[in-house]
Amino acid sequence: MEAMLRGLNAAQRAAVTSKASVLQVLAPPGSGKTKTLTSRVAYLLAHEGYRPQNVICCTFTIKAAREMRERLRGLVGGDLESKLILGTFHSICRRYLVTYGHLIGIPNSFGIADSDDSLGIIKRLQKKLKFGMEPRVARNKISHRKARGQRLSDVLKATGKSVDAQEFAMIFEEYETALATSNLLDYDDLLLRCVELLRKYPQCVSNIEALLIDEFQDTNNVQFELMKLLATAQARITIVGDPDQSIYGFRSAEIENLTRMQEYYPGTVVINLEENYRSSSAVLNLAQDVIEQDEDRPNKRLKSTHCYGTLPVLRRLPNPHEEAAWLVSEVKRMTKMSGGCLEFADIAILLRSAFLSLLIEKALANAGIPYKMVGGRRFFDRVEVRLLLDYLRVISHPDNNSALLSIINTPTRKVGDGTVAELNRAAGSAKVSLWTAIQKVLKGEMGLEKKLSKPAEQGLGELVSLIKKGQEKLKTLEPAQAPGKLIELVASTLRFQDYLKRQYKEDWEDRWENVQELLLQARDVTLETLTAEDQLPEVEGAEQAKVAGAQEVLARFLANVALSTELEAEDENELKSRITISTIHSAKGLEWPVVFVPAVYEGSIPHSRAEDTSEERRLLYVAMTRAKALLYMTFPIAQSRSESESILTQFLPSNIEQNRLKDVGPAFNDQTVQDIATILGRAAPSQEALAQAVTSLSDNESQFDDIWPADGSPKGPFYEIETDMPSYYGGSAQSFVDAM
Ligand code: ATP
Ligand code: MG
């Protein structure tokens with residue numbers, strides 16, 4: 001018992017050991033919600049006799065799930081934690097659908113359409129149907145409907161007479177048909193169909209004794225339904241969350257779910273946590289100044305458990321290039337000056353929009369500073385990696401039209417767009433998948449309006465033979481080796497290295513390296529997925545689907561890929577020595593000793609296209625509260641588009657005092673080092689080491705011209721400076737949904 005409760009304060013202990021059947025832990029950032037949730041799982045297993053296979057625990061990301069599993073291993077020992085049903089809502093739903101989907105007519109060989117697939121499908125529909133709606137808009141709109149629990153039939157029923165409404169209904173319908181013919185479920189379907197399954201067959205979860213959910217403030221309607229269904233009558237529910245950190249409203253999260261839950265379960269017990277263990281008082285004070293501008297929220301002030309620390313820095317730079325350069329020099333300065341107390345891995349750069357990373361990445365790369373990206377383009381989405389994976393997806397289930405279209409003529413096999421359109425048409429009118437159509441055409445069992453050219457026929461023949469060879473091989477492979485061996489087969493048959501050399505003269509080597517990394521991942525992930533992790537417990541009255549060894553491992557591997565948010569495939573140890581660049585959205589729940597938030601100006605944050613300014617404010621609050629010891633915010637001074645646009649962000653209180661923030665550089669000095677060491681509980685460097693570090697700084701690292709002369713500064717650090725569009729950063733002003 002003691003091990004589980006050690007290091008927890010009274011309120012946290014109360015939450016961990018609470019006998020409540022429905023418990024909400026509502027508390028601000030850094031107050032130990034996630035820690036409390038993890039300890040509660042351990043407590044339920046070790047002291048209340050809960051069996052892990054009957055406990056569901058939902059985290060916000062796959063990475064968070066992995067971390068929680070690791071912590072639990074330390075807390076409860078044995079292999080108890082490996083039996084937990086632990087993952088994101090999506091991955092948990094996938095497991096239920098693989099095991100029980102057959103009950104509602106979903107073949108367990110279904111594939112997962114990630115958001116790129118969804119977009120690809122809609123783009124192809126647009127070509128065919130020539131509708132006016134932007135594919136991206138259409139995709140988001142569909143997702144929004146589904147996240148509210150609406151299925152196609154609901155949408156069709158409610159469709160008005162307007163041309164737009166009719167058009168949308170048509171796109172929705174065609175999109176659903178395209179998914180169905182490809183035997184694909186998109187992200188929203190995983191949740192929706194699981195709701196359908198559990199409504200019809202509640203016995204699938206009749207074993208569940210406890211349900212725990214982290215980051216509850218960002219759940220949507222369908223997830224709320226899932227909570228109700230997963231937690232059967234006897235199950236205890238614990239959720240943790242913070243309304244001030246609700247940042248996914250634009251993706252249909254319902255902040256009201258917290259109160260809805262209290263209404264739905266009248267006996268809900270609420271516990272608040274009030275101490276912050278993450279940030280210095282200086283960081284916390286400023287963050288609270290920001291969030292308190294939201295007048296609709298109840299006022300509550302957090303206490304920091306740390307010393308006051310170093311004032312956050314607000315730094316204005318002439319333009320985005322200098323902003324990036326300043327950031328890099330400050331990083332260099334602090335890592336040098338800290339005398340080993342701070343490493344690159346302690347530093348994060350958090351961005352409102354992913355495209356803002358362009359200049360910063362360049363500047364870091366030029367300075368030879370290693371970094372990793374989170375929340376940007378995923379490793380698995382790199383062109384060459386994706387292509388190989390698409391071959392595997394077709395081998396795994398050839399009716400996946402989406403994947404088949406991506407490989408049909410890449411590398412080129414003389415199958416032109418016209419031929420592909422022709423094949424698609426034939427498949428559509430015969431109501432068969434593209435794969436079936438191709439085979440029939442090759443066998444002469446199906447005609448095309450325009451006969452296949454000889455080279456096209458030969459090309460398609462080669463493709464079919466490769467896929468079939470893969471499928472045959474799959475039957476003979478050891479399950480653990482299936483994904484890796486198949487990638488090897490595809491790469492060697494296609495002479496993939498030569499293809500990359502031809503196609504990408506400049507950077508084929510990097511790309512080939514990615515392929516090698518994919519192979520490593522395929523081997524690793526396979527072992528990981530082979531653990532009991534995926535196996536749901538047998539329950540009475542619900543028959544589980546039978547799954548074949550290697551085939552199932554391949555399907556699981558591909559599903560993991562589709563649900564993964566991993567950006568890098570490199571090994572963990574190497575990642576430990578890098579700076580993190582992340583979108584703010586993806587940084588939720590995480591913490592770093594040093595945090596930079598660039599581009600804090602109006603138009604960027606609040607984003608010019610954001611509908612809900614309060615959500616943007618909360619986003620800034622989330623970013624700021626990731627910092628333990630040092631917080632930097634920067635922005636470029638730029639030309640205005642209009643007189644009325646004022647500087648930076650409306651989120652920093654106009655009457656803020658200098659003692660909350662400083663705006664001169666360099667920010668990092670001897671005192672900062674001491675503060676950081678105290679807050680992080682690390683050894684501070686000796687005076688000699690510090691002195692030596694300072695002398696090792698180059699001229700431009702040790703001196704900065706403050707662009708605002710002291711005597712020229714108006715009171716407070718805020719001036720009416722006009723801003724430019726984000727395109728000033730060299731990227732286009734993409735929609736922020738897009739940039740996530
Ligand atoms: P967020 O809202 O950002 O997700 P959180 O409330 O989930 O934050 P945690 O991530 O659980 O907070 O904890 C923040 C930090 O405080 C972690 O480093 C954690 O280990 C530490 N912490 C939490 N509780 C205590 C405690 N009682 N004593 C010491 N450290 C603690
Ligand atoms: Mg947390």
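The structure displayed is predicted, hence computed values, not measured ones. Reckoned from all heavy atoms, side chains included, excluding hydrogens, waters and symmetry mates. Counting starts at 1 for both ligands and their atoms, following the listed order.
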Which residue from G32, A10, P29 reaches closest to atom 13 (O) of ligand 1 through any of its heavy atoms? G32
With backbone taken as N, CA, C and O and side chain as the heavy atoms from C-beta onward, which portion of A27 lies under 4.0 Å from ligand 1: side chain, backbone, both, or neither? neither
Would T268 and Q262 count as having a side-chain donor-acceptor pair, cut-off 3.5 Å? no
Does a side-chain N-to-carboxylate-O contact under 4.0 Å join K228 and E225? yes
Over 60° means perpendicular and under 30° means parallel, so classify the ring planes of Y248 and F60, tilted if in between. tilted
What are the atoms of ligand 1, with element, lying closer than 4.0 Å to any heavy atom of G7? 26 (C), 27 (N), 28 (N)
Would D289 and R301 pass as an ion pair if we require N to O under 4.0 Å? yes
Counting non-hydrogen protein atoms only, what is the nearest one to atom 10 (O) of ligand 1? Give residue, atom name and distance. R278 NH2, 3.2 Å
Would you say L8 and ligand 1 have an N/O pair spaced under 3.5 Å apart? no
Look at atom 8 (O) of ligand 1 and say which protein heavy atom is nearest, naming residue and atom and giving the distance to 0.1 Å. G30 N, 2.9 Å
Close approach, R626 and ligand 1, non-hydrogen under 4.0 angstrom: yes
Keeping the roles fixed (side chain from E591, backbone from K628), state whether a donor-acceptor pair exists under 3.5 Å. no
Looking only at protein heavy atoms, which one is nearest to atom 19 (C) of ligand 1, and what is the separation? K35 CD, 4.1 Å
Give the atoms of ligand 1, by number and element, whose distance to some non-hydrogen atom of N9 is under 4.0 Å. 27 (N)
Provide, to 0.1 Å, the distance between atom 2 (O) of ligand 1 and the closest protein heavy atom, together with that atom's residue and name. K33 NZ, 2.6 Å
Looking only at N/O atoms, are G589 and ligand 1 under 3.5 Å apart anywhere? no
If you compare all heavy atoms of A599 against all heavy atoms of S604, which two are closest, and at what distance to 0.1 Å? O-OG, 2.9 Å
Looking at atom 16 (O) of ligand 1, what's its closest protein heavy atom, distance included? Y277 CB, 3.3 Å
Which one of I92, L212, I213 satisfies the side-chain contact (heavy atoms from CB on, under 4.5 Å) criterion with I56? I92
Just go through Q12, K628, R6, Q245 and tell me whose heavy atom is the nearest to atom 24 (N) of ligand 1. Q12
Any non-hydrogen atom of D242 lying under 4.0 Å from ligand 1? no
What atoms of ligand 1 come within less than 4.0 Å of a heavy atom belonging to P28? 6 (O)
Please confirm whether the backbone N or O of S31 pairs with a side-chain atom of Q12, one donor and one acceptor, at under 3.5 Å? yes
Take atom CZ of R148 as the centre, draw a 6.0 Å sphere, and report whether it contains more than 12 heavy atoms from other residues, nucleotides or ligands. no
Lys/Arg-Asp/Glu bridge criterion (N-O < 4.0 Å) met for K19, E48: yes
Just need the protein heavy atom nearest to atom 15 (C) of ligand 1, so name the residue and atom and give the distance. E591 OE1, 3.3 Å
